[in-house]
Amino acid sequence: MNLVLLGPPGAGKGTQATKIAEKYNIPHISTGDIFRKNVKEGTPLGKKAQEYMSKGELVPDDLVIELVEDRLTEDDCKGGFLLDGFPRTVYQAEKFDVYLKEKNSAIDKVLDIDVEKDILIDRMIGRRVCKNCGATYHVKNMPPKKEGICDVCGGEIYQRADDTLETVSNRLQVYLEQTSPLIDYYEKAGNIAHINGAGALDKVFSEIVEVLGA
Ligand code: AMP
């Protein structure tokens, strides 16, 4: 199963992706996570990406496309993949379609998770992430059992540098201008399903399972 998760930042893509990957046994590939890992390790890619990420802007298309195409050649992608945060521009989507076609493959389903703006801002500003395993929490809605410590692995929990009010507003604007046109793009392709992401985590997941099949 080849899946793409679409939706504004803060819609809960990462949280749902973890559950989808587990249920359907496909790797969760988050371009944001890959960039953050590279930033943390100080690689040349990380240094380049950080310039854009810190401002809430998109990393240049060709850099991202190469990264994803490389990742998809790994063995764990043989039975499919779940992309979270890619594609993010129409250009990326077009290039990716060409790549898949060359491989006699295609996207089976694009899941568009939508949430209204006020909720998104609250979710992003309150979001906390485990430095070690990437598990996500929310200061009010989903705090860890022990403050600052990840329930899953005991790692340290931190706030992403781009989850501040100033950067969040820019990221939403970037989403509206550059990523939301993808809804139309995949609408035309006929492989998109719309999911209401405003509800509780399990309710949103049930809606996704209904679309994908149990
Ligand atoms: P995310 O964790 O998906 O919110 O991504 C964090 C940041 O990584 C974004 O704000 C962008 O700067 C960068 N990024 C992640 N995925 C992409 C992509 N497909 N295209 C361009 N930039 C990306």
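Numbering of ligands and ligand atoms starts at 1, following listing order.
Proximity of Gln50 to ligand 1, defined as any heavy-atom pair under 4.0 Å, is not found for any part of the residue. Residue-level proximity to ligand 1 for Arg171 is carried by the side chain, the only part with a heavy atom below 4.0 angstrom. Only the side chain of Val64 comes within 4.0 Å of ligand 1, counting heavy atoms alone; its backbone N, CA, C and O stay farther away.
Between Thr31 and ligand 1, at least one N/O pair is under 3.5 Å apart. Where the criterion is an N or O separation shorter than 3.5 Å, residue side chain and backbone included, Arg36 meets it with respect to ligand 1. For the pair Gly56 and ligand 1, the shortest N or O to N or O distance does not fall below 3.5 Å. Among the atoms of Tyr52, none of the N or O lies under 3.5 angstrom from an N or O of ligand 1. Distances between N or O atoms of Pro9 and those of ligand 1 include no value under 3.5 Å. Below 3.5 Å of separation, one finds an N or O of Arg160 facing an N or O of ligand 1. For ligand 1, the polar-atom distance check against Glu57 finds a nitrogen or oxygen pair separated by under 3.5 Å.
Donor-acceptor pairing under 3.5 Å is lacking for the side chains of Asp114 and His194. A side-chain N or O of Asn38 and one of Thr43 form a donor-acceptor pair less than 3.5 Å apart.
Asp33 has no carboxylate O lying under 4.0 Å from a charged side-chain N of Lys40, or vice versa, which leaves the two without a salt bridge. For Arg128 and Asp163, the salt-bridge test fails: no basic side-chain N is under 4.0 Å from an acidic carboxylate O.
Applying side-chain contact (heavy atoms from CB on, under 4.5 Å) to Lys23 and the options Val209, Ile208, Leu212 leaves one that passes, Val209. Considering Asn2, Ile29, Leu5 as possible partners of Leu82, the one that fulfils the side-chain contact (heavy atoms from CB on, under 4.5 Å) test is Leu5.
What sits closest to atom 23 (C) of ligand 1 on the protein, heavy atoms only, is Phe35 CE1, 3.9 Å. Counting only heavy atoms of the protein, atom 22 (N) of ligand 1 lies nearest to Val59 N, 3.0 Å. Ranking protein heavy atoms by distance to atom 3 (O) of ligand 1, first place goes to Arg88 NH1, 3.0 Å.
If you number the atoms of ligand 1 from 1 as listed, the ones under 4.0 Å from a heavy atom of Gln92 come out as 18 (C), 19 (N), 20 (N), 21 (C). Using a 4.0 Å cut-off to heavy atoms of Gly85, the atoms of ligand 1 that qualify are 16 (N), 17 (C), 18 (C), 19 (N).
Atom CD of Glu66 sits in a sparse spot, with 12 or fewer heavy atoms from other residues, nucleotides or ligands closer than 6.0 Å. In the displayed structure, Glu41 atom CD is contacted under 6.0 Å by more than 12 heavy atoms of other residues, nucleotides or ligands. Other residues, nucleotides and ligands place no more than 12 heavy atoms under 6.0 Å from the CD atom of Glu147.
In this structure, the ring of Phe96 has its center less than 6.0 angstrom from the ring center of Phe86.
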